[in-house]
Number of protein chains: 2
Amino acid sequence: MAPSKSESAYRLLHEKITEGTFSPGYRLVLGTIAAELGCSVVPVREAIRRLEAEGLVTFERNVGAMVAAADTTLYLHTMQTLAIIEGAATALSAPFIDDDQLAAARAINQAMAELLVDFDAPRFTELNNEFHQVLYRNCPNPHILELVHRGWNRLAVMRSSSFTHIPGRARESVREHAHLLDLIEAKAPAAEIEQAARAHRTTTLNAYLAAANLPASPL
Amino acid sequence: MAPSKSESAYRLLHEKITEGTFSPGYRLVLGTIAAELGCSVVPVREAIRRLEAEGLVTFERNVGAMVAAADTTLYLHTMQTLAIIEGAATALSAPFIDDDQLAAARAINQAMAELLVDFDAPRFTELNNEFHQVLYRNCPNPHILELVHRGWNRLAVMRSSSFTHIPGRARESVREHAHLLDLIEAKAPAAEIEQAARAHRTTTLNAYLAAANLPASPL
DNA sequence: GTGTATGAAATCGTATACGATCTAGTGTGA
DNA sequence: TCACACTAGATCGTATACGATTTCATACAC
């Protein structure tokens, strides 16, 4: 069956926001979006409420909705949260990663390594997403998986606009990926995998924190 | 200004669900709720969408909404998630807990200890909530705090209906609380506090898992 | 020039209405 | 008896309409 209009509106907005078509701060005017979608405002409001609950959109009474703003603090908080959640997701997922998936992840990481020579940031980011998805996808706890997705989405919204790559981080990243894969292949203890997966993200976070003259994350 | 009807509907439903007035599986019929609130269905739909995004309600197209079901698997997944998030929240909060708050927490735990003699489960649970709130309230990362709240809410919905206390767990709990407070007072490393706070919850989780003949949580 | 009143336009919030869809109960034929 | 078609009632999904609120530009007073 065709999806409901509310569902369509939700998907469309979600995509436009995470893909960066609508940048942070972009005003989502109900009437305009409704017209674009060829529907009335009611389903659009509903969609926006859902996006609000996911943190992709902020909504103010009698004023309207806009794509969640991307201030530095928010970004860093999101990264910290994701470090924690994704670390756990990866550790919980690890025992269920089979040889094929492991091979796929190694291939992706190899592709990333090759990109280092002639660096292509968007492509690198894309591969990075794929890589991590392979790692946490098998997580048997759907709540955690959902939180990981939400975290990635929130980062995606903000990253596009305001944050740039840290020099040398890409190379380190590839190395850390390889280490993570080794741990998983060796069936290392969950705590060790969690620690490595978390650190992988925390390192980036701390680089940003240092750049902003803030203390490093204690976790 | 008076809250919008959509906001009122959201708060009312949220409260009724977390307080247990509406048990898991309870059908939320738009028209009925709208009539109770003295408003139309549109704001009610919006409220329900928000609750859905928080996991308190499930919604099926052309069928309607109901309070999220409370099957065992869901409950355990939620507990596992909360163990991870709350552990981090507590560790991040610890450096900001002042002497007064520490004293308050000790007092609450003392009250819990006294309840052990003539056990009163609802009161114990209430104090337990208060205790943990003191511990994680100062967490400087609002995202994490929000996730903790959502986790507690989800547990609250389910706990009321289907889960009972584990014998001897209350006494252990009080002891673990005291240990946690000692670590915080001693300004122990964040990782250590996180570990203790997580373990406090994981122990309960594993007791449930064992009772259901499932393997313990690896984290 | 600065600050405040005013009014129009834009936008939101929600009631109402009605078609679409689901559910359950009844009847019919094999 | 069972499977299926059908109908009535309940409920959902969304368009439309309109009052309420905010915003912004303009005009006026000081």
Side-chain angles (χ1 to χ4, degrees), chain A residues 1-18 21-71 157, chain B residues 1-18 21-71 157:
Chain A
M1 179 186 327
S4 70
K5 306 214 169 175
S6 156
E7 187 65 27
S8 308
Y10 171 76
R11 289 202 204 143
L12 179 89
L13 290 175
H14 193 286
E15 186 182 330
K16 291 218 177 186
I17 292 170
T18 53
T21 313
F22 293 162
S23 308
Y26 183 90
R27 277 207 65 193
L28 302 168
V29 177
L30 295 179
T32 310
I33 295 168
E36 273 175 26
L37 274 152
C39 72
S40 72
V41 297
V42 178
V44 177
R45 281 181 63 89
E46 244 183 68
I48 286 182
R49 283 296 198 194
R50 290 170 66 185
L51 293 165
E52 188 196 11
E54 291 176 27
L56 263 46
V57 158
T58 58
F59 197 103
E60 199 181 340
R61 171 141 188 228
N62 279 321
V63 174
M66 64 183 211
V67 178
D71 77 84
V157 176
Chain B
M1 180 187 325
S4 70
K5 307 215 169 175
S6 156
E7 187 66 25
S8 307
Y10 171 76
R11 288 201 206 146
L12 180 89
L13 290 175
H14 192 286
E15 186 181 330
K16 290 219 180 187
I17 292 170
T18 52
T21 312
F22 293 163
S23 307
Y26 183 90
R27 274 207 67 191
L28 301 168
V29 178
L30 294 180
T32 310
I33 294 167
E36 272 174 27
L37 273 152
C39 73
S40 73
V41 297
V42 177
V44 177
R45 280 181 64 90
E46 246 183 66
I48 286 180
R49 283 296 197 193
R50 290 170 65 185
L51 293 165
E52 187 196 12
E54 291 176 27
L56 263 45
V57 158
T58 58
F59 197 103
E60 201 181 339
R61 170 136 189 231
N62 279 322
V63 174
M66 65 182 210
V67 178
D71 77 83
V157 176

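Chain identifiers are assigned alphabetically (A, B, ...) following the order of the sequence lines, protein sequences preceding nucleic acid strands; residue numbering begins at 1 within each chain.
- Taking atom CD1 of residue I33(B) and atom P of nucleotide dC12(D), one finds them 8 Å apart after rounding to whole Å.
- If you check every strand for non-hydrogen atoms under 4.0 Å, I48(A) touches nothing.
- Going from atom CD of E7(B) over to atom C1' of dT14(C) covers 15 Å, rounded to whole Å.
- Rounded to the nearest 0.5 angstrom, I48(A) CD1 and I33(A) CD1 are separated by 4.5 Å.
- Which of dT16(C), dT21(C), dA15(C) sits closest to the side chain of N62(B) comes down to dT21(C).
- Between M66(B) atom CE and dC22(C) atom C1' there is a gap of 16 Å when expressed in whole angstrom units.
- Atom pair K5(A):NZ and dA20(C):C1' shows a separation of 12 Å (rounding to whole Å applied).
- With respect to E46(A) and R49(A), no salt bridge is recorded, no charged nitrogen being found less than 4.0 Å from a carboxylate O.
- With salt bridges taken as basic N to acidic carboxylate O contacts below 4.0 Å, one links E7(A) and R11(A).
- When the nucleotides dA15(D), dA15(C), dT11(D) are ranked by their closest atom to the side chain of P43(B), dA15(C) comes out on top.
- In the set dA15(C), dT23(C), dA17(D), dT23(C) carries the atom at the smallest distance from any side-chain atom of V63(B).
- Across all strands, L28(B) comes closer than 4.0 Å only to sugar-phosphate atoms, never to a base (heavy-atom distances).
- Heavy atoms of V29(B) sit under 4.0 angstrom from primed sugar atoms or phosphate atoms, though from no base atom.
- Distance CD (E60(B)) to P (dC22(C)): 10 Å, rounded to an integer number of Å.
- If you measure from atom CD of E46(A) to atom P of dC12(C), you get 16 Å, rounded to the nearest angstrom.
- In the set dG13(C), dC12(D), dG13(D), dG13(C) carries the atom at the smallest distance from any side-chain atom of R45(A).
- Interatomic distance, L51(A) CG to T58(A) OG1, rounded to the nearest 0.5 Å: 11.0 Å.
- Rounded to whole Å, atom P of dT16(D) lies 16 Å from atom CG of L30(A).
- With distances taken from any side-chain atom of R27(B) to the nucleotides dT11(D), dA15(D), dT14(C), the minimum falls on dT11(D).
- Whole-Å rounding puts the R61(A) CZ to dT11(C) C1' distance at 14 Å.
- Closest approach of T18(A) and L56(A) over heavy atoms only: CG2-CD2, 4.1 Å.
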